[in-house]
Amino acid sequence: MSKSTLRVCALYPDLMNIYADRGNMLLLEKRCDWRGIGFELTAATIGDEVDPDAHDLFYLGGGQDRDQQLCAEDLYTLKREPLHAAADRGAIVLGICGGIQLLGDHYELGTERVPGIGLVDLVTKRAIDGSRLIGNVAIEVDLPGLDGPRTLAGFENHGGRTHLGPAAQPLGRVLKGHGNDGTSGFEGVKKNNIIGTYLHGPLLPKNAWFADYLLATALQLDPSSLQPLDDRLEDAAHASARRAAGV
Ligand code: GLN
């Protein structure tokens, strides 16, 4: 049965919010408001319990290595089981940059191993020379329920190289930019409704179509059934992000 309120849980919004990743929440809120869909945002930071059944979408933004290290233990001990339970019942779990890294098995920082929550089969390793993959990026994604491949455009800046394991599928294929590791041509990860990507921007204001895809999926609606909005500004933002990436 479809629901009329999108219930979002933002994980560590105080620590995992680089490049204005919180803008992703604002965009979801506005697109719900404009359609008369309710929007509930709950923050869960260090020490907070998470109810796996109380939210339709769990969101983990990007962060500096230091901030990721601060959250990682709490994420593992307090939130790993509820997040697995939520993902198992079909809730969306969306991780951006530092977020995708913590959705995997672990993030290797030199001799330190930061634990991930193992929702997806991937590991991330910081480059030995400390070099970063930085720049505008565009990827092609083919998502179930949409009429064909679409483009996501954004900005990436990560020292970690993410390697997908055999059980993982990428979110998309790199058109321009570096992607997960700078060589594989893969970007992000997708397993059912668990989605990870390196795209900041923030991601959703630059790709409103993807915000609607997430919103509809979270509410168990067909994306094409959402009320159309006046997206002239959003379309211009998307076109500008694509141009910046060179596609
Ligand atoms: N700290 C991570 C890295 O550098 C993620 C950075 C980010 O979220 N932008 O790889």
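Remember, it's 1-based here, ligands and their atoms both numbered in the order they're listed. The basis for the numbers below is simple: all heavy atoms, side chains too, and nothing from hydrogens, waters or symmetry mates.
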Any N or O of Ile96 closer than 3.5 Å to N or O of ligand 1:
no
Examine ligand 1 and decide if any of its atoms is less than 4.0 Å from a heavy atom belonging to Tyr198.
no
Donor on one side chain, acceptor on other, Thr124 and Glu108, under 3.5 Å
no
Which of the numbered atoms in ligand 1 are under 4.0 angstrom from any heavy atom belonging to Gly159?
3 (C), 4 (O), 10 (O)
Return yes when Met16 approaches ligand 1 closer than 4.0 angstrom through a heavy atom, no otherwise.
no
Residues Thr45 and Asp48: side-chain donor-acceptor under 3.5 angstrom:
no
Logged contact type for Asp65 with ligand 1, heavy-atom cut-off 4.0 Å, is both
Evaluate side-chain contact (heavy atoms from CB on, under 4.5 Å) for Arg113 paired with His106, printing each intermediate quantity in order.
CA-CA 6 Å; Arg113 191 176 262 224; His106 63 266; 3.4 Å; yes
Can you find an N or O of His158 that's nearer than 3.5 Å to an N or O of ligand 1?
no
Looking only at heavy atoms, is any part of Asn157 under 4.0 Å from ligand 1, and if so is it the side chain, the backbone, or both, or is it neither?
backbone
Out of Ile100, Val93, Leu75, which residue meets the side-chain contact (heavy atoms from CB on, under 4.5 Å) rule with Leu60?
Leu75
Assess Glu156 for proximity to ligand 1: is some non-hydrogen atom of it under 4.0 Å away?
no
Can you tell me which portion of Gln64 lies within the under-4.0 Å heavy-atom range of ligand 1? Options are side chain, backbone, both, or neither.
backbone
Going by atom types only, do Asn180 and Arg161 share a side-chain donor-acceptor pair under 3.5 Å?
no
